[in-house]
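So the structure is just underneath, and the comments pick up after that.
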Amino acid sequence: DHLELPLIPYYFGWFLTRVSAKQLDQTGEHFLEQLAERREFLEEFVKYIDSDAKENFNLQDYFQKKPSMLHCTTKFCNFGQEPNCETYIKTKDIEEQLSKAFHLKITDLFITPRTVGARVVLTEKQLCLWPTDENESNDKEGMKLPLGSRSHITLACAPHIKAVQTGRDLLEFLQLEACKAQPSFHTPVEGGELLCYDEGRWILHLSKHIEVKSIFSGSYH
Ligand code: A2P
């Protein structure tokens, strides 16, 4: 027997398969190891973290808070408490694509004193699953970016930071790049080009994008 109305999940998104999640988690760990070996990174980054974490700072320990399943959120519903959940669920594309498999394209890895994330660049078809009420700006600069710009996978958060911050951090990078801000430091590294935009904001533009496999679904936990 079916319920008359669909259950509204905590959020919708693309959930990485076990193999892809393991691979991406390792890529994230490698990214942190690579950074932790760079004196210019540590010196700059440590300036922007809470004083209690500064002593004997260890990057891996600082970013211990990881999502239980790696995913790229599309619509955050909070079980229906957020606006426009019903409209989203009833969209034909959403209904049709639920439980379908997708490749997600990752073009950048980034880190800030708050979060570590992977930028996801969506295809046209994937953009159809992105909420249309989304405002792709952040409070800081307020510049509007194309729909879907915020799409990302949270890899880890600093203590007391919620995962929702990762998307805000990504928007900051994209806004800096959209207004052609000059990075304060950049260097070629293994895997791509590493740039620093001050305030502990570092981004690795991958020379070869990473592809992960995922399933479009709702999370009810
Ligand atoms: P993200 O997509 O950046 O990882 P939580 O971990 O706080 O329970 O949140 C569950 C998921 O929903 C996370 O993936 C999180 O962020 C996302 N999320 C939480 N709050 C929001 C929000 N207000 N807007 C968009 N996504 C959110």
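Side-chain atoms are counted along with the backbone in the values below, which use heavy atoms only and exclude waters and symmetry mates. Residue numbers count from 1 along this sequence. Counting starts at 1 for both ligands and their atoms, following the listed order.
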Report task. Answer yes if the ring centres of Y11 and H71 are under 6.0 angstrom apart, and no otherwise. Result -> yes
**Report entry** For T154, atoms of ligand 1 separated by under 4.0 Å from a heavy atom
**Finding:** 1 (P), 3 (O), 4 (O)
Query raised in the report: Any idea which protein heavy atom is nearest atom 6 (O) of ligand 1, and the distance to it?
Result: A163 CB, 3.8 Å
Query raised in the report: Just by distance, with hydrogens left out, do E44 and W202 show a side-chain donor and acceptor under 3.5 Å apart?
Result: yes
Query - Identity and distance of the protein heavy atom lying nearest atom 22 (C) of ligand 1 - result: V164 CG2, 3.3 Å
Query raised in the report: Side-chain heavy atoms under 4.5 angstrom apart, residues restricted to Ile, Leu, Val, Met, Phe, Trp, Tyr: same cluster for V116 and V164?
Result: no
Query raised in the report: Is any N or O atom of E82, backbone or side chain, closer than 3.5 Å to an N or O atom of ligand 1?
Result: no
Query raised in the report: Among side-chain atoms of H205 and E177, is any donor-acceptor pair under 3.5 angstrom?
Result: yes
Report task. May I ask you to check whether H152 has an N/O atom sitting below 3.5 Å from an N/O atom of ligand 1? Result -> yes
Query raised in the report: Would you say H71 and ligand 1 have an N/O pair spaced under 3.5 Å apart?
Result: yes
**Report entry** Check ion pair K125-D93 (N to O, under 4.0 angstrom)
**Finding:** no
Query - Presence of salt bridge, D169 and R150, under 4.0 angstrom - result: no
**Report entry** Distance-only N or O hit between ligand 1 and F76, under 3.5 Å
**Finding:** no
Query - Check: T73 N/O within less than 3.5 Å of ligand 1 N/O - result: yes
Query raised in the report: Where is the nearest protein heavy atom to atom 7 (O) of ligand 1: which residue, which atom, and how far?
Result: Y10 OH, 4.0 Å
**Report entry** Validation row: K54, I49 side chains within 4.5 angstrom (heavy atoms)
**Finding:** yes
